[in-house]
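I have placed the structure first, in the form of structure tokens, so that the comments after it can refer back to it.
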Amino acid sequence: MSDAFPASTAALIDGKAFAAGLRAKVAIHAAAFEAQSGRKAGLAVVLVGEDPASQVYVRSKGKATVECGMASFEHRLPADTTQADLIALVDQLNADGAVDGILVQLPLPGHLDEQAVVERISPTKDVDGLTPVSTGRLALGLPGLVPCTPLGSLMLLKDRLGSLSGLNAVVIGRSILVGKPMAQLLLGESCTVTIAHSRTKDLPQVVRRADIVVAAVGRPEMVKADWIKPGATVIDVGINRLPPTETSPKGKLVGDVDFAGVREVAGAITPVPGGVGPMTIAVLLRNALVAAYRNAGLDAPSEL
Ligand code: NDP
């Protein structure tokens, strides 16, 4: 974390630096795991079809896995793969002792039943934390694997604020991937949690109560400065690409928060890019290593 702006503006929560630190810890413990268990921790990533964005994600996940000393198993299947063949691959990975984590890159091509595929993943290898068992364990407050983006957001909040107990938190968005698990994690930290969504009445007024705002909406720069309680901590999960302009031919990447305005009011804020984004892969690696320890019958290191 760094205070890159003058005193009147919010501190910048540096997710890139925090993620680099987490990856370094994962690398140290991945080496220790290998020494202790006699094998590398392993993460399998399954990609179906040719979606260019998914191909980039899968490549970078594989590279990051190897960089921190774990084994990466990439399975690339054609776009016309059948449900039965995909389920058979998941079953094979569930049974493979070298594989500790299984990630099926979403979205899947339209003819495949995404929910059925995710449900087939063994909860002990569910590094995305999306199976009903993982979701249920999170709701019950039991140990399990938690979705990477919300867990990464929580790590940034705890690093910034220490105890979150008693704080008012507003999560904007109720997706299974981000909003709902984020709310559960904040509740687990004894925040008073409000989940807002597209039907919420007077959203600005709801957000104004928040000591912590987590925006996971998918609408560019929606959260404005006059929605923010002075000094609040703002976590911007959104990743949106604006239309190309002359100065930004690829289209500028922005979050769900009007960064320029909100940073004048908030106490701390994550930038986009460089905030929550880098945490997602770092936590995926962390989840894979935690799964490896548990699958080997060992306690996962507490600093992970
Ligand atoms: P979803 O589209 O699944 O969910 C969006 C949520 O926002 C829904 O709950 C929806 O409400 C709510 N919403 C939509 N419009 C409004 C509005 N006008 N006011 C209030 N709430 C609204 O998105 P995700 O949760 O998957 O992702 C959210 C954002 O986070 C996206 O920009 C995505 O790219 C980004 N993301 C970033 C990641 C990272 O690594 N940093 C990882 C995952 C996502 P309702 O349920 O009522 O429709």
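- The structure places CG of L167 at 6.5 Å from CG of L161, a figure rounded to the nearest 0.5 Å.
- Between H197 and I195, the shortest heavy-atom contact is CD2-O, 3.9 Å.
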Ignoring hydrogens and angles, write down the donor-acceptor pairs under 3.5 Å from the side chains of residues 147-155, residues two or more places apart or on other chains.
unit_1	atom_1	unit_2	atom_2	d
T149	OG1	T280	OG1	3.0
S153	OG	T149	O	2.9

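- With hydrogens and angles disregarded, no donor-acceptor distance shorter than 3.5 Å links the side chain of D226 to the backbone of P204.
- With contacts defined as side-chain heavy-atom distances shorter than 4.5 Å, the pair N287/L285 does not qualify.
- Linking ILVMFWY side-chain heavy atoms closer than 4.5 Å, directly or via other members, places V117 and L103 in two distinct hydrophobic clusters.
- For the pair T247/K252, no side-chain contact is recorded, criterion being any heavy-atom separation below 4.5 Å from C-beta on.
- Within a 6.0 Å radius of CZ in F73, more than 12 heavy atoms belonging to other residues, nucleotides or ligands are found.
- Using a 4.5 Å cut-off on side-chain heavy atoms (C-beta onward), K125 and L93 make no contact.
- Between V170 and A210 the shortest heavy-atom distance is CG2-CB, 3.6 Å.
- Of the inter-residue distances, the one linking E264 atom CD with F259 atom CZ reads 9.5 Å to the nearest 0.5 angstrom.
- How far CD of E74 is from CZ of R59: 9.0 Å, rounded to the nearest 0.5 Å.
- Taking the side chain as every heavy atom from C-beta outward, V272 and N240 never approach each other to under 4.5 Å.
- Without hydrogens or angle criteria, K158 side chain to E189 main chain gives no donor-acceptor distance under 3.5 Å.
- Residue L242 is found in a hydrophobic cluster whose other members, listed by chain and number, are V254; membership requires side-chain heavy atoms under 4.5 Å apart, directly or through intermediates.
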(message) side chain to side chain contact (heavy atoms under 4.5 Å, CB included), that's the test. Do V257 and T270 meet it? Break it down for me.
(response) CA-CA 10 Å; V257 175; T270 56; over 6 Å; no
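- Across A266 and A10, no two heavy atoms sit closer than the pair O-CB, 3.2 Å.
- Interatomic distance, OG of S122 versus CG of D91, reported as 10.5 Å (0.5 Å rounding).
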(message) Could you walk me through whether L253 and I239 satisfy the side chain to side chain contact (heavy atoms under 4.5 Å, CB included) test, starting with their C-alpha distance in whole Å, then the side-chain angles of each, then the deciding distance to 0.1 Å, before giving a yes or no?
(response) CA-CA 7 Å; L253 217 52; I239 302 178; 4.0 Å; yes
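- For the side chain to side chain contact (heavy atoms under 4.5 Å, CB included) criterion with F33, the lone passing option out of R39, K40, M70 is R39.
- Of all non-hydrogen atoms in M279 and G15, the two that sit nearest each other are SD-O, 3.8 Å.
- At a threshold of 4.5 Å between side-chain heavy atoms, the hydrophobic network of Ile, Leu, Val, Met, Phe, Trp and Tyr places V283 and I176 in one connected group.
- No donor-acceptor pair closer than 3.5 Å links the side chain of R174 to the backbone N or O of K180.
- Shortest non-hydrogen contact noted between A268 and R160 is CB-NE, 3.5 Å.
- Side chain of H75 to backbone of V48: no donor-acceptor contact under 3.5 angstrom is found.
- L89 is not listed as a side-chain neighbour of T81, based on a closest heavy-atom distance of 4.5 Å or more.
- In this structure, I269 CD1 and D236 CG are separated by 6.5 Å, a value rounded to the nearest 0.5 Å.
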For residues 215-223, run the donor-acceptor check on the side chains, cut-off 3.5 Å, and write out each pair with its distance to 0.1 Å, sequence neighbours left out.
none

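- Residue pairs satisfying the salt bridge (Lys or Arg N to Asp or Glu O under 4.0 Å) criterion with at least one member in residues 43-56, sequence neighbours excluded, are absent.
- Counting heavy atoms of neighbouring residues, nucleotides and ligands inside a 6.0 Å radius, atom NZ of K229 exceeds 12 of them.
- Nearest heavy-atom pair across G251 and R241 is O-NH1, 2.7 Å.
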Please tabulate, one pair per line, all N/O donor-acceptor pairs under 3.5 Å involving side-chain atoms of residues 294-304, not counting sequence neighbours.
unit_1	atom_1	unit_2	atom_2	d
N295	ND2	D100	O	3.4
N295	ND2	A291	O	3.2
E303	OE2	H29	NE2	2.7

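- For T200 (side chain) and L203 (main-chain N/O), no donor-acceptor pair under 3.5 Å exists by modelled atom type.
- Not one N or O on the side chain of R263 forms a donor-acceptor pair closer than 3.5 Å with the backbone of A225.
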(message) Go through it in stages, so that I can follow the logic: the residues are D256 and I172, the test is side chain to side chain contact (heavy atoms under 4.5 Å, CB included), and I'd like the CA-CA distance, side-chain angles, deciding distance and then a yes or no.
(response) CA-CA 10 Å; D256 292 340; I172 318 174; over 6 Å; no
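- Of the possible donor and acceptor atoms, none in the side chain of K224 sits under 3.5 Å from a partner among the backbone N and O of G261.
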In residues 126-136, what donor-acceptor pairs under 3.5 Å come from side-chain atoms, sequence neighbours left out?
unit_1	atom_1	unit_2	atom_2	d
D126	OD1	G129	N	3.1
D126	OD1	L130	N	3.3
D126	OD2	L130	N	3.1
D126	OD2	T131	N	2.9
D126	OD2	T131	OG1	2.7
D126	OD2	S134	OG	2.5
T131	OG1	S134	N	3.2
T131	OG1	S134	OG	3.0
T135	OG1	T131	O	2.8

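- With rounding to the nearest 0.5 angstrom, the CZ atom of R208 is 15.0 Å from the CG atom of N168.
- Within the 4.5 Å cutoff, side-chain heavy atoms of L108 are placed close to those of L86.
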(request) Apply the test side chain to side chain contact (heavy atoms under 4.5 Å, CB included) to residues K61 and L284: give CA-CA distance (whole Å), side-chain angles for both, the deciding distance (0.1 Å), then the verdict. (result) CA-CA 8 Å; K61 284 168 186 171; L284 171 68; 3.7 Å; yes
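- Hydrophobic clustering of Ile, Leu, Val, Met, Phe, Trp and Tyr side chains at less than 4.5 Å, counting indirect connections, unites L22 with V276.
- Contact check for L186 versus L164: side-chain heavy atoms found under the 4.5 Å cut-off.
- Both L177 and V193 belong to a single network of hydrophobic side chains, linked directly or stepwise wherever heavy atoms of I, L, V, M, F, W or Y lie under 4.5 Å apart.
- Note on L47 and V118: separate hydrophobic clusters, where clusters join Ile, Leu, Val, Met, Phe, Trp and Tyr whose side-chain heavy atoms are under 4.5 Å apart, directly or indirectly.
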